[in-house]
Amino acid sequence: VLFRSAGELVGYVVHIGTDADAGDSREVVFSVPLPDGIDAFVSWSCMAAAGSATSCPVRSGKGAIRQAFPLLAASSDLTYFIHARVAAVAPATVVVRSSLTAPVAASLGCAEQGGATLGCVARSEFSTVPVLALEQSMLANLLSPGSPFDYVLDVFNLGAKADMLQVQT
């Protein structure tokens with residue numbers, strides 16, 4: 001999602017998966033706190049994929065998410081779908097963070113492309129204000145030094161509030 005305005009709904013998808021050889025982790029907590037700029041998570045749901053070794057502790061709810069997994073087994077495959085409403089007054093960029101934490105002894109972490117294991121924190125963001133992009137193109141193929149030429153300047157709003165933005169020439 002690139003942008004949303006006040007009162008609009010925005011959706012997030014968070015995937016929790018473990019490899020078959022990852023081993024089991026106990027007392028794992030998945031959380032998605034309500035971020036600044038979001039009025040509410042109006043609904044969320046959890047779905048376990050066919051064959052997932054772990055099921056959803058709670059299948060659906062409203063509000064911030066805090067799910068405790070007494071056991072997050074190897075070969076787990078869970079997906080959370082979150083629907084949120086943008087607040088009437090929101091910062092220019094809304095950042096939603098989700099985390100998966102476990103006791104230190106569990107040695108649970110998220111693998112990066114380089115193979116390093118880090119804490120499991122994901123983030124997603126969108127803009128609540130206009131974000132302008134400019135593109136310039138010439139209307140002529142061949143130019144000579146000092147000759148006049150025509151060009152087109154396109155202005156794009158990649159952010160929110162497109163109906164409130166005017167470009168004057």
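Start at 1 with the first residue, then count along the sequence. Predicted model only: the values in this text are computed from it and were never measured.
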Determine whether Leu9 and Val86 make a side-chain contact, defined as any pair of heavy atoms from C-beta on separated by less than 4.5 Å. no
Any side-chain heavy-atom pair from Ile16 and Leu100 closer than 4.5 angstrom? yes
What is the distance from atom OG of Ser98 to atom CD1 of Ile82, rounded to the nearest 0.5 Å? 7.0 Å
Find out whether Val58 and Gln67 are in side-chain contact, i.e. whether some heavy atom of one side chain is under 4.5 Å from a heavy atom of the other. yes
For Val28 against Ser25, the heavy-atom pair lying closest together: CG2-CB, 3.6 Å
Just jot down the side-chain contact (heavy atoms from CB on, under 4.5 Å) partners of Ala53, sequence neighbours excluded, or say none. Ala73, Ser75, Ser76
Note: Leu78 and Cys56 closest approach over all heavy atoms is CD2-SG, 4.0 Å
Please set out all donor-acceptor pairs under 3.5 angstrom arising from side-chain atoms of residues 30-50, sequence neighbours excluded.
| unit_1 | atom_1 | unit_2 | atom_2 | d |
| --- | --- | --- | --- | --- |
| Ser31 | OG | Ser99 | OG | 3.1 |
| Trp44 | NE1 | Gly63 | O | 3.4 |

Asp77 CG to Thr54 OG1 distance, which is reported to the nearest 0.5 Å: 10.0 Å
Which residues satisfy the side-chain contact (heavy atoms from CB on, under 4.5 Å) test with Thr79, sequence neighbours excluded? Val13, His15, Phe81
So, for Phe69 and Pro57, which heavy atoms are closest and what is the spacing to 0.1 Å? CE2-CD, 3.3 Å
